2 protein chains.
Amino acid sequence: MSDQAKPRKARHAATLADVGREAGVSAMAASTVLNGARTSTRISDETRQRILAAADKLQYRPNATARGLAERRLNTIGLATTLSGNELNQYFLEVFNGVIEAAAAAGQNTTVFAMPDWQQVGSRLPAICDGRIDGLILLAPLINPDDAAQLPDHTPFVAIHANHAMPGVGNVASDEEAGAHAMVAHMLSLGHRRVLHLAGPNTSSGAQRRIDGFRRAHAEAGLTVNPGQILHSDYSASSGRRVLTEWLERHRGQPMPEAIFAANDAVALGCIDILAGLGLRVPQDVSVVGFDDTLLARTTRLATVRQPLRDMGHQAVSLLMQAIEAKHRGQPARQATEVLLPTELVPGQTLSAPPADTVLIP
Amino acid sequence: MSDQAKPRKARHAATLADVGREAGVSAMAASTVLNGARTSTRISDETRQRILAAADKLQYRPNATARGLAERRLNTIGLATTLSGNELNQYFLEVFNGVIEAAAAAGQNTTVFAMPDWQQVGSRLPAICDGRIDGLILLAPLINPDDAAQLPDHTPFVAIHANHAMPGVGNVASDEEAGAHAMVAHMLSLGHRRVLHLAGPNTSSGAQRRIDGFRRAHAEAGLTVNPGQILHSDYSASSGRRVLTEWLERHRGQPMPEAIFAANDAVALGCIDILAGLGLRVPQDVSVVGFDDTLLARTTRLATVRQPLRDMGHQAVSLLMQAIEAKHRGQPARQATEVLLPTELVPGQTLSAPPADTVLIP
DNA sequence: CTGAAAGCGCTAACAA
DNA sequence: TTGTTAGCGCTTTCAG
């Protein structure tokens, strides 16, 4: 009966062609009016109104994939990260917050790609860069130089806290060495002499930069750092608890460190937890400071070193958008801009002068 | 000289047509081999090899937008939420973790849409559902019934902790009333009699359900709840600090509540902060419990009510995928499934029996 | 000011 | 087993 085709798959709601038909104009006239295609010419006010009315009546919705196909652009950026210890962490949340804000302001959506580890990046990145994102932000990537050279070059990349410089990939970082140095120097100036550093994992270049700052502050104060003074944990509270507990057990009866400089906020809170369990007060008996100034620190009033994580998200998006726009204009996309942001001390309530009398490890 | 067209915009790397040409076969043969198109026929081993070789040589990459356009599907789901107080919160992080895990397991990407408030959902949702996502999860939506009826019906939706039932929209929730009831009953059984409830905002139906549980536990114990016993905050630590501080100032010199049942973990930690500032010990002088069991609670060993947030993310994805698949098979997509998950008490270290002697508010 | 036609890269129906 | 043809919905030349 009907001459209407009966497609097996449901079609998109109302198309430009439908709108054009309804308004008695061509699809492209509708396109110009509704989606602001930057074709050279303009449409008369009269037809414009007819088209708008038809679009409204038919509930026209542009189709993102069709537009993406034609424009080679989906207005979507990606954020790649790892599910460390099977959990997204605070650090991610802070940066993501900045990314999503800046992306929204630039009219971009954000798609998150979480992989178990960075090993898989080499294999999965090319699959990701298949037109579904216009550019990608790598969050704290641990990529070996070989893989870095393999990055598909039709997609712009920007890294945040990259472990290595990557060819043609911009990088946003905060000055962790300076932050660690400032904090430890401050602690030493308060009179602390035995500061334990519960550093991050060996694989993390950020952990190394914080260790560097720790050492430099000591060196400048004429103090030597002995090997046992630096422990390694991963970046979680539970790891902080475990590492500190083991260390305390090995040093039972000896003088308690006057202060602990932790790899990040979570590790610091893990330490506070253990100390409280031993009946020690923070900061009266032991001072504890963190790193990052995540929501964890803000909520618990932890003394910490603020990295402008949210702002780093903003900056990364900004860099990425520049690269995307450049690529779209046919200009060379890859340009390795380096942005280094300053850190800042956050006083908090877990750092004070050392106790008058030496506390012994129970 | 060259008969090669010179397109103004750079084209996608290598297309199926390119591969086919290189291998001396049609584009669709290449499609069958490389992208597993489920067309009826198979390809001989010999041509298959030729095609694979050509694809490898040309570095063929499928184009997601083209495929999305043809298949009306991008294998991407969306997660819509608000930036409450301009920040993504812990609750979001926990759920998101579950969503992204389950989505990855189902071969889906996840795009996050964060809006300042749910008012804007009515206007932005239709624009989101334009083919860039196959389905959408609404996280703790505050949608009025009128807007709910307006949801574009070509996209499947699932809600988590919806404030109202939405027509044709599945919902995943945890039994907050039961969780609050169990916790408060437990507190009363420990001997607490003056429990202050720092509830969530009036607009939150979850806050109301927790209040209901709070009241029911009191009623069952034969205790009356007086109006001043329930305060409202929003869900942040700073708000918890503010509200508690004001309340304590208004009640100076009167007996301190023996325990505080907070709207969520952040509010609980805000309270602990204030109490510590007054020289009160938790839980010796005052017990404090939270709600949610977010990373905040796990890090600080807060007593709390565990909502299986991550699991709720899994369930929501599962429901959504069912709806997407159904829609794709041409079956009715909308079916309002309701999933209710149990909560669980987490002991922690901030809840004990009340102090022997009444503490006065300093 | 407007329309016709071609193409973005892929998949699905139908022939050969 | 393979090729041909026809879209998916939108943009963008290029003519009228």
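In the text below, chain A, chain B and the rest are named by the order of the sequence lines, each starting its count at 1. Small disclaimer: the values here were computed from a predicted structure and weren't measured.
- Rounding to whole angstrom units, CZ of residue Arg73(A) and P of dG9(D) are separated by 23 Å.
- Using a cut-off of 4.0 Å between Lys/Arg side-chain N and Asp/Glu carboxylate O, Arg50(A) and Glu22(A) are scored as not salt-bridged.
- Here the C1' atom of nucleotide dT11(C) and the CG atom of Leu74(B) are 15 Å apart, to the nearest Å.
- When the nucleotides dT13(D), dG7(C), dG9(C) are ranked by their closest atom to the side chain of Ala70(A), dG7(C) comes out on top.
- When the P atom of dG7(D) is taken as reference, atom CZ of Arg72(B) falls 12 Å away, rounded to whole Å.
- The environment of CD in Gln59(B) is sparse: at most 12 heavy-atom neighbours from other residues, nucleotides or ligands sit within 6.0 Å.
- Between the side chains of Thr111(A) and Thr111(B), at least one donor N or O sits under 3.5 Å from an acceptor N or O.
- In terms of phosphate contacts, Ser26(A) brings a side-chain nitrogen or oxygen within less than 4.0 Å of OP1 or OP2 of dG3(C).
- Atom CG of Asp130(A) is separated from atom C1' of dC8(C) by 15 Å (rounded to the nearest Å).
- Comparing dT11(C), dC10(D), dT12(D) against the side chain of Met28(A) picks out dT12(D) as the nearest.
- Residue Arg67(A) places no side-chain N or O under 4.0 Å from the OP1 or OP2 atom of dG9(D).
- Distance CG (Asn75(A)) to P (dC10(D)): 15 Å, rounded to an integer number of Å.
- Look at Ser31(A) and you'll find a side-chain N or O under 4.0 angstrom from OP1 or OP2 of dT11(D).
- In this structure, Leu34(B) atom CG and dG9(C) atom C1' are separated by 13 Å, rounded to whole Å.
- Comparing Ala66(B) and Ala29(B) against DNA chain D, the residue whose closest nucleotide sits nearer the 5' end is Ala29(B).
- Comparing dG3(D), dT12(D), dG9(C) by their nearest atom to the side chain of Glu71(A) picks out dT12(D).
- Taking only side-chain atoms of Thr47(A), from C-beta outward, the nucleotide of dC8(C), dT2(C), dG3(C) with the closest atom is dT2(C).
- Under 3.5 Å, the side chains of Arg61(B) and Asn63(B) contain no donor-acceptor pair of N or O atoms.
- Regarding Arg132(B), its CZ atom lies at a distance of 21 Å from the P atom of dC8(D), rounded to whole Å.
- What separates CG of Leu16(B) from C1' of dC8(D) is a distance of 15 Å, to the nearest Å.
- Ile143(A) pairs in a side-chain contact (heavy atoms from CB on, under 4.5 Å) with only one of the listed residues (Met166(A), Gln150(A), His164(A), Gln119(A)), which is Met166(A).
- Nearer the 5' end of DNA chain D, as judged by each residue's closest nucleotide, is the contact made by Ala27(B), out of Ala27(B) and Leu69(B).
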